[in-house]
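Following: one structure in structure tokens, then a few remarks.
The analysis underlying the following values was restricted to heavy atoms, covering all of them including side chains, and did not include hydrogens, waters or symmetry mates.
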Amino acid sequence: MPTISRFTILLTLITTIFLPSSTPDQKDESCLTHLFNSFQDPAGNLHNWTKPTFQNPCSDFTSNLAGATCNNGRIYKLSLQNLNLHGSISPYISNCTNLQSLDLSNNSLTGIIPGELQFLVNLAVLNLSSNRLSGEIPPSLPMCIYLNVIDLHNNLLSGGIPAQIGSLVRLSAFDVSDNKLSGLIPASLGNRSGNLGGFNASSYSGNKGLYGYPLGPMKSNGLSVLAIVGIGLGSGLLSLALSFTVVCVWLRAAERRTAAEQEVKISRSMPDY
Ligand SMILES: *[C@@H]1O[C@H](CO)[C@@H](O)[C@H](O)[C@H]1NC(C)=O
Ligand SMILES: *[C@@H]1O[C@H](CO)[C@@H](O)[C@H](O)[C@H]1NC(C)=O
Ligand SMILES: *[C@@H]1O[C@H](CO)[C@@H](O)[C@H](O)[C@H]1NC(C)=O
Ligand SMILES: *[C@@H]1O[C@H](CO)[C@@H](O)[C@H](O)[C@H]1NC(C)=O
Ligand SMILES: *[C@@H]1O[C@H](CO)[C@@H](O)[C@H](O)[C@H]1NC(C)=O
Ligand SMILES: *[C@@H]1O[C@H](CO)[C@@H](O)[C@H](O)[C@H]1NC(C)=O
């Protein structure tokens with residue numbers, strides 16, 4: 001009896017230790033299922049992304065899902081660009097823990113860039129360009145220390161650029177142009193030089209509120225105090241002049257009316273001969 005229970009304990013131990021690694025695609029299944037549910041696919045480009053294929057997306061060494069590539073039985077690349085995808089990016093993307101390359105560029109995705117991307121510790125390529133993503137660049141994104149490519153151009157992203165992006169030693173392509181980003185370009189990124197290649201102004205252009213090297217200094221954004229005072233004074237004077245004119249015209253008209261009435265009265269009071 002004790003031997004059996006010891007055997008059972010041993011078996012349980014072995015199972016708990018080795019089972020997770022023997023069914024690694026459970027995480028991928030969760031990732032793909034949630035991702036598929038968060039996307040909208042009006043063009044039917046993901047028609048073979050079906051539930052049964054999520055359960056074992058990497059059978060036969062390759063993936064049966066359009067745009068997905070496998071390595072060692074795990075999804076390591078998602079290339080879903082130019083597919084007219086709508087909807088958003090599920091935070092469960094982080095369950096594709098072996099993902100090295102995520103390209104969702106040139107779709108119509110909305111919503112935020114999930115901060116959970118930070119859990120994709122192997123991520124080297126992130127291309128989310130030409131979508132309608134809004135919100136901030138996740139400050140935790142630089143936790144993905146192997147990032148080579150960050151291409152987020154042509155979205156609706158706002159807020160500042162996280163300074164830690166500048167310390168990503170492998171970063172060789174960086175583009176946040178044509179967004180709504182604002183604030184000072186962190187010097188750690190803008191002034192990268194030497195071994196860490198820097199990025200020229202074209203990586204930052206098309207963001208009205210962004211300034212600092214390699215873009216220009218902060219523009220006197222909007223109107224100066226003097227201009228505001230001037231406009232206030234000017235419009236005040238203008239409205240004063242306008243109301244004065246209106247009163248004058250009204251008075252003139254009233255004057256004419258009384259004059260005409262008096263004339264009528266006079267003509268009526270005149271006796272007929
Ligand atoms: C899924 O679709 C892609 C592209 O449309 C195709 O290359 C692939 O062979 C399809 N897979 C299956 C299992 O039908
Ligand atoms: C973006 O995708 C559309 C199809 O949805 C395609 O016609 C266009 O050429 C793509 N643009 C780029 C730059 O790849
Ligand atoms: C899957 O992703 C969700 C959302 O990010 C997270 O809460 C959950 O812990 C992840 N599960 C695994 C197994 O990584
Ligand atoms: C990101 O994707 C766009 C559109 O698919 C492509 O034109 C661009 O070259 C990609 N960026 C990088 C750095 O490869
Ligand atoms: C960044 O580099 C520019 C041009 O070389 C220089 O004018 C600026 O002072 C530098 N900024 C910082 C914070 O080092
Ligand atoms: C900026 O850098 C890109 C490559 O990162 C290059 O294609 C482009 O010509 C450069 N532009 C200028 C004005 O130097």
Step by step, would you call S134 with R132 a side chain to side chain contact (heavy atoms under 4.5 Å, CB included)?
CA-CA 6 Å; S134 55; R132 282 187 248 125; over 6 Å; no
Side-chain hydrophobic cluster, 4.5 Å single linkage: members besides M143:
none
Which Ile, Leu, Val, Met, Phe, Trp or Tyr residues join Y146 in one cluster when any pair of side-chain heavy atoms under 4.5 Å counts as a link?
I145
Would you give the length of the straight line joining atom CG of L128 to atom CG of D103, rounded to the nearest 0.5 angstrom?
8.0 Å
Could you tell me whether a side-chain N or O of S140 sits under 3.5 Å from a main-chain N or O of G115, the two making a donor and an acceptor?
yes
Kindly compute the distance separating OG (S105) from CD (Q81), expressed to the nearest 0.5 Å.
5.0 Å
State, without any angle test, whether D151 and H153 hold a side-chain donor-acceptor pair at a distance under 3.5 Å.
yes
Within-4.5 Å side-chain heavy-atom neighbours: L46 and F39
yes
Within the distance-only criterion (no hydrogens, no angle test), does the side chain of N107 pair as donor or acceptor with the backbone N or O of H86 below 3.5 angstrom?
no
Can you name the closest pair of heavy atoms from N179 and N207 and give their distance?
C-OD1, 2.8 Å
Donor-acceptor check, side chain of N122 to backbone of L99, threshold 3.5 angstrom: yes or no?
no
Compare all side-chain heavy atoms of L181 with those of I137 and state whether any distance is below 4.5 angstrom.
yes
Looking at side-chain heavy atoms only, is the closest gap between Y204 and P214 below 4.5 Å?
yes
Closest non-hydrogen atoms of L133 and N155, given as atom of the first, atom of the second and distance, are N-OD1, 3.0 Å
Can T53 and T50 be counted as having a side-chain donor-acceptor contact under 3.5 angstrom?
yes
Backbone N or O of G209 within a donor-acceptor pair of the S182 side chain at under 3.5 Å?
no
May I ask you to test the D41-L83 pair for a side-chain heavy-atom distance under 4.5 Å?
no
Are T33 and Y92 close enough that some pair of their side-chain heavy atoms sits under 4.5 Å apart?
no
Of all heavy-atom pairs linking S94 and E116, the shortest is CB-O, 3.3 Å
Do any N or O atoms from the side chain of N98 and from the backbone of R74 form a donor-acceptor pair under 3.5 angstrom?
no
Side-chain donor-acceptor pairs of residues 195-203 under 3.5 Å, sequence neighbours excluded:
residue, atom, partner, partner atom, Å
N200, OD1, S202, N, 3.1
N200, OD1, S202, OG, 2.5
S203, OG, F174, O, 2.7

Can you tell me how far OG of S205 sits from CG of D178, rounded to the nearest 0.5 angstrom?
5.5 Å
Side-chain touch S88/L109, heavy atoms, less than 4.5 angstrom
no
Can you confirm whether K27 sits close enough to S30 that some side-chain heavy atom of one is under 4.5 Å from a side-chain heavy atom of the other?
no
Is it possible for you to say whether I75 and F36 belong to one hydrophobic cluster, with membership spreading through side-chain heavy-atom contacts below 4.5 Å?
yes
Rounded to the nearest 0.5 angstrom, the OG1-CD distance for T69 and Q100 is 11.0 Å
SG-CG distance between C144 and L120, expressed to the nearest 0.5 angstrom
6.0 Å
Is the backbone of A66 close enough, under 3.5 Å, to the side chain of W49 for a donor and an acceptor to pair up by distance?
yes
Distance-minimising heavy-atom pair for R192 and L171:
NH2-O, 3.0 Å
Shortest non-hydrogen contact from P162 to P139?
CG-CA, 3.9 Å
Value for CG (L152) from CD1 (I113), rounded to nearest 0.5 Å, stands at 4.5 Å
State, to 0.1 Å, how close L78 and L35 come at their nearest heavy-atom pair, and which atoms those are.
CD1-CD2, 3.8 Å
Establish whether I93 and Y76 are linked, either directly or via other cluster members, by ILVMFWY side-chain heavy-atom contacts under 4.5 Å.
no
Run the numbers on T97 and V121 for side chain to side chain contact (heavy atoms under 4.5 Å, CB included), then give the verdict.
CA-CA 7 Å; T97 47; V121 292; over 6 Å; no
I'd like to know whether I161 forms a side chain to side chain contact (heavy atoms under 4.5 Å, CB included) with L210, so could you lay out the CA-CA distance, the side-chain angles of the two residues, the decisive distance to 0.1 Å, and finally the verdict.
CA-CA 9 Å; I161 300 175; L210 214 52; 4.0 Å; yes
Would the distance check show the side chain of N131 and the main-chain N or O of L104 forming a donor-acceptor pair, the cut-off being under 3.5 Å?
yes
